[in-house]
Amino acid sequence: MADSIKKTAEPYHHAEIEAKWRESWKKHPVNTPGQNKKKYYCLDMFPYPSGAGLHVGHWRGYVISDVWSRFQMMNGGHYIIHPMGWDAFGLPAENYAIKTGQHPSISTAANVASIKEQVKQIGAIYDWDMELNTTDPAFYKWTQWIFVQMFKKGLAYEKEMPLNWCPSCKAVLANEEVVDGKCERCHSEVTKKNLRQWMLKITAYADRLLEGLEGLDWPEKVKKMQTEWIGRSYGAEVNFPVADAAGNASDKVITVYTTRPDTLYGATFMVLSPEHALVPEITTEEHRAEVEDYCKAAANKSNVDRVQNKDKTGVFTGAYAIDPLNKEKLPVWISDYVLADYGTGAIMCVPAHDDRDWEFAKKFDLPIIPVISPDGQDVDISEGAYTAAVGTMINSGDWNGMKSEDLKREAPGMIEKAGYGKKTTNYKLRDWVFSRQRYWGEPIPIVHCAKCGAVAVPEDQLPVVLPDVKSYQPTDTGESPLAAIDEWVNTTCPECGGPAKRETNTMPQWAGSSWYFLRYVDVNNDKALVDRAKADEFLPVDMYIGGVEHAVLHLLYARFYTKFLYDIGVVGFEEPFKKLFNQGMILGPKGVKMSKSLGNVVSPDDMIRDYGCDSLRMYELFIGPPQQDSAWDERGIDGVFRFLARFWKMVNENIGRDVPETEELVRLRHQLIHTISSRLEAFQLNTVVSGFMEFNNKFVELTQKDGVDKETLKVFVQLMAPFVPHLAEELWERLGENDSVFHSTWPVADQAAMQENTREIAVQVNGKARTVINIAVDADKDAAIAAAKEALGDRLTGTVIKEIYVPGKIVNLVVKP
RNA sequence: GCGGGUAUGGCGGAAUAGGCAGACGCAAGGGACUUAAAAUCCCUCGGGAGUGAUCUCGUGCCGGUUCAAGUCCGGCUACCCGCACCA
């Protein structure tokens with residue numbers, strides 16, 4: 001085959017070239033560890049092996065990571081960790097099993113096999129010795145092991161509480177999985193269900209998850225999303241004694257959380273959430289019926305209603321609370337705009353300085369007292385609250401005259417000292433609901449014993465293998481299908497040996513993906529999750545590439561797991577992903593998201609057949625900036641294919657011509673190196689491709705004349721290699737090289753060699769371009785102005801009142817008529 | 001509502017750091033080669049005026065700074081994304 005493609009005039013036969021080098025690289029891998037090599041770990045977010053296969057959008061991320069990996073291999077001689085695996089537990093495989101009766105492990109294995117074939121078409125340098133699958137017992141043994149460690153440290157615990165329940169998936173959801181009150185996966189409206197569930201105490205890591213973000217080379221958007229998701233705020237808890245209508249205080253106390261203790265004197269009422277424990281206790285007989293009705297209605301309201309209906313509703317309890325500062329008597333109301341599970345579930349209301357309180361006060365005709373005055377002026381609160389913490393305190397007793405911004409900071413400490421509250425930090429982040437009532441997941445390695453309670457399965461008995469079941473059907477009761485297998489459920493307690501039952505919930509899909517990246521470098525280790533020496537040598541991940549949709553799900557969970565594993569000494573670093581790149585989506589031809597139901601999914605398979613893998617790789621990058629969404633246009637690949645064919649022809653025609661170097665060729669060569677390298681380093685991959693095309697056009701032109709020298713051809717081939725590895729390797733061989741182009745060193749641009757002696761610059765008159773002049777780069781102003789005037793000739797009329805010359809850029813003559 | 005992003009020809013997109021707007025492609029039109037087609041190669045390709053050299057308008061809208069603005073500043077509009085009663 002190789003012999004048949006050696007003639008210079010022959011066309012670009014992509015299929016033959018690609019097949020040839022695929023075989024060759026299989027025998028002689030180009031990415032190998034070496035004593036003096038530094039590692040570079042470039043990771044893709046691993047795919048879910050569904051039956052639908054890969055489309056051109058998946059391809060894009062894998063092409064980007066492969067280009068980057070190969071660039072790191074050549075530029076710096078790194079040994080590349082570039083693995084691929086399968087995130088294979090989860091609902092689609094289970095739903096398929098329900099429909100067909102086929103075991104999910106069978107459909108999953110089939111899907112993995114077919115997608116793996118597709119992934120191989122990319123021509124990437126994946127190391128298949130590192131391949132892993134989250135459903136493999138040898139892998140999930142360690143997923144379970146981590147859970148056991150968390151359980152031992154008290155970070156995994158059971159709790160009964162109202163939870164997000166997806167009636168369609170028939171499973172609970174984590175807060176991160178609820179979007180707009182709907183299930184992140186199937187978009188069904190989420191309801192509440194009271195269930196006993198396993199929780200992971202991610203909140204124990206809230207501060208570290210927040211602070212760790214600072215040093216990461218991640219898109220600001222993702223960092224911000226995580227920051228807001230964690231939602232740390234500083235404030236105070238303040239105690240308000242409950243009183244009756246006459247003002248007689250009882251022993252009951254309402255504790256509120258506020259971030260604006262500076263406005264304490266402006267509180268004119270209190271609001272409790274309908275779920276607040278004190279509601280039944282403090283409500284007076286006169287208001288009891290009304291309050292009970294309201295609370296019942298609130299409980300039946302869907303999440304969506306409570307979140308989206310911003311109209312304030314509420315009822316008065318008949319009870320009062322005493323402001324600890326000014327001893328004012330504040331009426332206590334109930335409203336569902338106060339969340340039960342944030343802060344204390346109760347708030348003090350300062351309608352003058354909070355929008356929501358303002359609306360509530362207007363609606364129920366409650367007093368509004370301003371306590372902050374911006375610039376000493378009276379603050380206008382007739383149209384809405386004044387919410388900024390900027391101004392001077394008024395109507396605030398001892399605090400009058402203080403600056404609101406200072407007081408906001410100092411008040412929590414003052415309140416704590418005075419003994420009517422304490423300084424507090426609050427988070428929006430909740431603990432992670434970690435159990436699912438479904439079959440196709442990792443069994444939670446816990447045994448329930450009547451005597452000993454929840455007991456972890458001993459580590460030497462892991463993995464707890466997922467048993468076979470006849471029916472995968474989820475139940476409406478919140479019980480997993482595993483609960484029906486008596487012989488599996490009934491076991492003995494590892495502690496007392498008495499009869500016990502296995503935990504029948506499984507882990508959520510995120511369990512495996514929270515740590516898989518640690519396993520690649522030591523996939524066959526049966527003694528440890530990862531050998532510490534290997535972890536130290538090859539981890540963490542230097543570059544992580546994937547979609548932005550995991551900003552607060554997978555990426556937050558993975559950071560949490562890594563910090564925990566750091567704490568128990570498994571790894572020596574706290575942050576798993578040093579650099580993160582979010583590639584944009586490839587949209588369907590009309591600019592809408594590709595989906596099976598719309599029938600606009602474009603498969604790479606036909607394009608590879610017609611144009612070759614190298615063309616498709618390059619086109620995936622050429623279509624637009626990698627971080628931006630792009631609509632697929634199948635016609636565009638023609639342009640890339642034509643370019644590769646012209647490049648192929650250009651190089652082949654110059655091989656053997658033995659063209660001597662000229663100043664122009666050397667200059668173009670170094671300009672090429674500089675252009676490509678700087679764009680590649682800046683991740684401007686679409687303009688790298690344009691750059692290749694532009695330079696190729698110049699070299700094609702030179703080929704018609706005196707030709708292109710061998711060194712320049714070699715450099716061009718090297719620069720192209722990360723993008724079109726097969727084509728580049730073939731040309732590299734034809735240029736007489738014996739070793740792989742990927743073992744060559746990335747060329748370096750010589751700034752001096754790039755410089756031109758003369759340069760074409762624009763001549764403007766009154767800021768409008770009129771002509772161009774060719775002028776020495778180091779020409780002085782007088783020479784440049786003279787040349788410009790000469791070039792303009794008769795067209796320059798009037799009096800020149802100002803002459804501007806920016807060397808290498810422009811001449812502008814300001815003229816008065 | 002709050003926060004972030006985007007807006008450039010028929011289309012995708014380029015344009016260090018304020019310096020010739022539209023690179024590089026796609027599509028379209030014209031031509032060469034061919035019996036013909038495909039492939040390939042060459043030319044044209046933002047709007048308007050002019051035979052023409054050339055002139056003029058033009059980067060979502062309105063205004064400003066500057067010799068010079070797609071780029072900087074102020075004020076809008078539209079679309080996309082994230083958060084969304086978190087006190």
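Residue numbers begin at 1 in each chain, while the letters A, B, ... track the order of the sequences.
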Is there a donor N/O on one and an acceptor N/O on the other, under 3.5 Å, for the side chain of A/K312 and the base of B/C85? yes

Is B/G18 in the syn or the anti form, by the rule that syn lies within 90° of 0? anti

Does [N] have OP1 or OP2 sitting under 4.0 Å from an N or O in the side chain of [X]?
X      : N     : result
A/N766 : B/A68 : no
A/S335 : B/C85 : no
A/K809 : B/U16 : no
A/R642 : B/C26 : yes
A/N812 : B/U66 : no
A/R770 : B/A68 : no
A/K802 : B/C67 : yes
A/Q628 : B/G5  : no
A/R679 : B/U16 : no

Are side-chain N/O atoms of [X] and [Y] paired as donor and acceptor at under 3.5 Å?
X      : Y      : value
A/T313 : A/Y294 : yes
A/D207 : A/Y427 : yes
A/W432 : A/E176 : no

When the distance from [atom1] of [X] to [atom2] of [N] is rounded to whole Å, what number comes out?
X      : N     : atom1 : atom2 : result
A/E237 : B/A87 : CD    : C1'   : 13 Å
A/D633 : B/A28 : CG    : C1'   : 14 Å
A/E228 : B/G1  : CD    : P     : 17 Å
A/M693 : B/G13 : CE    : P     : 15 Å
A/H276 : B/A87 : NE2   : P     : 16 Å
A/D638 : B/C24 : CG    : P     : 18 Å
A/L680 : B/U16 : CG    : P     : 18 Å
A/Q226 : B/G3  : CD    : P     : 21 Å

How would RNA chain B look in dot-bracket form, 5' to 3', counting Watson-Crick and G-U wobble pairs with both distances under 3.5 Å and writing | for bases paired to another strand? (((((((..(((......[....))).(((((.......))))).((((....))))..(((((..]....))))))))))))....

Residue set satisfying side chain to side chain donor-acceptor pair (under 3.5 Å) with A/N812, at least two apart, ordered chain then number -> none

Test of understanding: with side chain to side chain donor-acceptor pair (under 3.5 Å), list the residues that count as partners of A/D778, not counting sequence neighbours.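 Testing A/D778 for side chain to side chain donor-acceptor pair (under 3.5 Å), a comparison that skips the adjacent residues, returns none.
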
Nearest nucleotide by nearest heavy atom, which residue falls closer to the 5' end of RNA chain B, A/G624 or A/E694?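 It is A/G624, whose closest nucleotide lies nearer the 5' terminus.
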
Considering only the C1' atoms, how many Å lie between B/G25 and B/C45, rounded to the nearest integer? 14 Å

Which is it for A/D357 and A/Y337 under the side chain to side chain donor-acceptor pair (under 3.5 Å) test, yes or no, and what are the steps along the way? CA-CA 10 Å; A/D357 299 345; A/Y337 84 88; 2.9 Å; yes

Flag the pair A/F683 / A/F581 as yes when their ring centroid distance falls below 6.0 Å, and as no otherwise. yes

